[in-house]
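One-based numbering, in listed order, for ligands and for the atoms of each.
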Amino acid sequence: MGGFKNIHDFKKSKDQKTPISIITCYDYSFARIIEDVDMDAILVGDSLGMVVAGHSSTLPVTMEQMVYHATIVRRGAPTKFIITDLPFMSYHVSIEETLRNCGRIMKEAGSNAVKLEGGRDFRQTVEALVRASIPVMGHLGLTPQSVHKLGGYSVQGKDEVQRKMIMEDALILEEAGVFSLVLEMVPEPLAKEISERLSIPTIGIGAGRYTDGQVLVINDMLGLDPGFNPKFLKKYADLHGAVREALAAYDGEVKSRAFPQEKNTFK
Ligand code: KIV
């Protein structure tokens with residue numbers, strides 16, 4: 001099915017005012033489904049540390065884990081544009097180490113781009129990656145890798161100082177060469193203003209209606225966790241309910257010997 005082929009498709013969509021759809025993915029089975037639907041791009045997010053591995057933050061996620069998940073997602077979605085998150089501390093130590101880590105994501109995992117969190121502090125990092133022909137997606141607003149600095153997973157950019165800081169960071173990242181920018185959990189008017197001022201597309205999650213595209217975590221939008229109900233989330237399915245029902249039906253049929261039937265047996 002359809003989907004972006006390269007970073008120029010992101011810009012084209014912005015210029016043509018066609019909203020961009022991105023979904024996270026972490027495994028082969030879901031990647032195969034996404035490969036067959038109209039989704040513009042896949043993000044192998046470090047949110048996998050929370051929704052797949054059950055950690056309370058994304059901080060424990062390693063480079064090895066990102067390369068592993070990005071590789072299996074590529075196997076299931078051979079034609080999709082894949083952006084892979086750089087995990088916490090994989091792009092903070094030195095530009096040399098960052099380049100090596102990103103090289104792994106591009107060469108071993110076959111991703112098309114990387115994403116990193118943060119603004120002005122990462123200007124030179126973004127410039128170095130772009131010089132090395134590695135497309136970079138930025139990420140501002142709520143940056144989950146900074147949860148301990150931010151003090152929680154709350155809306156960012158609510159006061160004037162923060163608002164100005166995020167706006168400036170967005171302009172700095174654009175100038176440094178990012179091809180698009182995730183805005184997470186920021187007030188709608190700020191996301192709108194940034195989207196209007198930048199010539200690269202903004203991708204929102206909890207950033208309202210006026211970003212150039214949207215991204216959601218697949219486990220969340222499929223309703224796998226009935227206890228996770230943030231305001232910004234729309235659940236497009238109740239997989240938690242469906243999976244529970246299927247498991248209960250299987251358990252019941254094993255116990256009543258309704259499964260397996262003759263058609264499930266080998267002669
Ligand atoms: O890790 C992730 O899934 C993300 C999205 C929430 C944007 O960064």
Worksheet item: Taking N or O atoms only and a 3.5 Å limit, does Thr24 qualify as a polar contact for ligand 1?
Response: no
Fill in: Identity and separation of the nearest protein heavy atom to atom 8 (O) of ligand 1
Lys115 NZ, 2.8 Å
Item to complete: Under 4.0 Å, heavy atoms only, figure out whether ligand 1 is touched by the backbone of Leu48, its side chain, both or neither.
Response: neither
Response to the item:
Out of Cys25, Ser47, Gly49, the nearest non-hydrogen contact to atom 1 (O) of ligand 1 is supplied by Ser47
Fill in: ligand 1 versus Thr58: contacting region, heavy-atom distance under 4.0 Å
neither
Item to complete: For Gly45, counting its heavy atoms only, list the atoms of ligand 1 lying under 4.0 Å from any of them.
Response: 1 (O), 2 (C), 3 (O)
Discussion item. Going by side-chain contact (heavy atoms from CB on, under 4.5 Å), Met137 matches just one of Thr84, Ile22, Val126. Which one?
Written reply: Ile22
Worksheet item: Closest non-hydrogen protein atom to atom 5 (C) of ligand 1, residue and atom name please, with distance?
Response: Leu43 CD2, 3.7 Å
Worksheet item: Any salt bridge between Glu160 and Lys164, counting N to O under 4.0 Å?
Response: no
Worksheet item: What are the atoms of ligand 1, with element, lying closer than 4.0 Å to any heavy atom of His139?
Response: 8 (O)
Item to complete: Can you measure from CD1 (Ile20) to CG (Asp212) and round to the nearest 0.5 angstrom?
Response: 6.0 Å
Worksheet item: Excluding sequence neighbours, so at least two apart, what forms side-chain contact (heavy atoms from CB on, under 4.5 Å) with Phe232?
Response: Met185, Ile205, Leu216, Pro230
Item to complete: Quick one: look at Asp46 and ligand 1, take heavy-atom pairs under 4.0 Å, and tell me if it's side chain, backbone, both or neither.
Response: both
Worksheet item: What part of Ile205 sits under 4.0 Å from ligand 1 if we count only heavy atoms: the side chain, the backbone, both or neither?
Response: side chain
Item to complete: May I ask whether Ile83 and Met39 are part of the same hydrophobic cluster, defined by side-chain heavy atoms of I, L, V, M, F, W, Y residues being less than 4.5 angstrom apart, directly or through others?
Response: yes
Discussion item. Would you say Ser199 and Glu174 are linked by a side-chain donor-acceptor pair, where the criterion is simply a distance under 3.5 Å?
Written reply: yes
Worksheet item: Given Glu35, which of Val73, Ile42, Thr79 fulfils the side-chain contact (heavy atoms from CB on, under 4.5 Å) condition?
Response: Thr79
